[in-house]
Amino acid sequence: MSAIDKKIIIAVDGFSSCGKSTFAKAIAARLGYIFIDTGAMYRAVTLYALENGAIRSGIVDEEEVCRLLDRIAITFRFNPARGASDIYVNGDLVEGKIRTIEVSNCVSQVSAIPAVRKKLVAMQQEMGRRRGVVMDGRDIGTVVFPDAELKLFMTADPAVRAQRRYDELTAKGQQVTLEEIERNVRERDKADMSRAISPLRQADDAIVLDNSRMTVDEQMEWFLELFGKISSGQ
Ligand code: DC
């Protein structure tokens, strides 16, 4: 494969809160590719379900979520200030509302609903049709683009991941404890890996990146070396 002259699909799957989006966004910017955060799409559906009565006291009413699905139009618009696309639901900017602990606590349940996955996977396949994308998620290399030319699987120590998510949320002024974040990270890992449909799984041909002890710059260095080898067919 000559990835230099041909735009490819780069699938970045892995556990929650291990910096997939930061990494995927950085490599997309470096290559001039489009970055697509599929977790944001599952979060947007969860937020809409929370705001429209399909989740009450943390209980997800699956039938109600399915009924709401037809009323949810998800779009992305590039935001130059962030260097990435913001997510909109029915024309409303929801980027700032989808990363709360309330959404995180319900998103695994919502993303296990087959009709939700069917709708979002079809959208993701359409967005990647012209290649030249870096897509991060859980099932990109296994289900959405099993033919992706490069598949990465990211992981990191759960305690390190919880600390990173905690730092991110408290920096935004959210009132959370490290314990509840660590519980959420572990519960989501379990739920994402054990769901019946499209569970989180490392594709057989994925390359693992454990970034527990790596800076963002070191991850970029690792990636560029790998990409250079792949591009030159080594
Ligand atoms: O990447 P994230 O933590 O923002 O994702 C939020 C949730 O969405 C995660 O707990 C699992 C789900 N998800 C999924 O099931 N499939 C994807 N491709 C992306 C995310």
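We count ligands from 1, going down the list as the structure has it; atoms in each ligand are counted the same way.
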**The single option from Asp136, Asp139, Asp205 passing salt bridge (Lys or Arg N to Asp or Glu O under 4.0 Å) against Lys151** = Asp205
**Message:** Can you see whether Tyr42 engages Arg138 through a side-chain donor-acceptor pair at a distance of less than 3.5 angstrom?
**Reply:** no
**Message:** Can a donor-acceptor pair be found, under 3.5 Å and without considering hydrogens, that links the side chain of Asp86 to the backbone of Leu93?
**Reply:** no
**Item:** Nearest neighbour in protein (non-hydrogen) for atom 12 (C) of ligand 1
**Value:** Ser111 OG, 3.6 Å
**Request:** Give yes if a backbone or side-chain nitrogen or oxygen of Ser16 is under 3.5 Å from a nitrogen or oxygen of ligand 1, and no if not.
**Result:** no
**Prompt:** Is Lys172 atom NZ crowded by more than 12 heavy atoms from other residues, nucleotides or ligands, each under 6.0 Å away?
**Reply:** yes
**Message:** Evaluate Asp139 for polar contact with ligand 1, using N/O atom pairs at a separation under 3.5 Å.
**Reply:** yes
**Request:** Mind running salt bridge (charged side-chain N to carboxylate O under 4.0 Å, His left out) on Asp167 and Arg161 for me, showing each step along the way?
**Result:** CA-CA 10 Å; Asp167 292 344; Arg161 292 192 275 136; over 6 Å; no
**Fill in**
For atom 2 (P) of ligand 1, the closest protein heavy atom turns out to be Arg138 NH2, 3.6 Å
**Nitrogen or oxygen of Thr38 less than 3.5 angstrom from that of ligand 1** = yes
**Item:** Minimum-distance protein heavy atom relative to atom 4 (O) of ligand 1
**Value:** Arg43 NE, 2.7 Å
**Parallel, tilted or perpendicular: ring planes of Phe23 versus Trp222, cut at 30 and 60 degrees** = tilted
**Pair Asn184-Glu180, side-chain donor/acceptor within less than 3.5 Å** = no
**Request:** With heavy atoms of Ser108 as the reference, note each atom of ligand 1 found under 4.0 Å away.
**Result:** 10 (O)
**Message:** Quick test of your reading of the structure: of Ile36, Val103, Asp192, whose heavy atom lies closest to atom 11 (C) of ligand 1?
**Reply:** Asp192
**Prompt:** Backbone or side chain, does any N or O of Arg165 fall under 3.5 Å from an N or O of ligand 1?
**Reply:** no
**Message:** Please list the nearest protein heavy atom to atom 10 (O) of ligand 1 with its residue and the distance rounded to 0.1 Å.
**Reply:** Arg188 NH1, 3.0 Å
**Asked** Which residue owns the protein heavy atom closest to atom 16 (N) of ligand 1, what's the atom, and how far is it?
**Response** Arg117 NH2, 3.0 Å
**Fill in**
Logged contact type for Arg195 with ligand 1, heavy-atom cut-off 4.0 Å, is side chain
**Asp136 N/O to ligand 1 N/O under 3.5 Å** = no
**Request:** Tell me, yes or no, whether the heavy-atom count around Arg67 atom CZ, taken from other residues, nucleotides or ligands under 6.0 Å, exceeds 12.
**Result:** yes
**Prompt:** Where the side chain of Lys20 meets the backbone of Val12, is there a donor-acceptor pair that is under 3.5 Å apart?
**Reply:** no
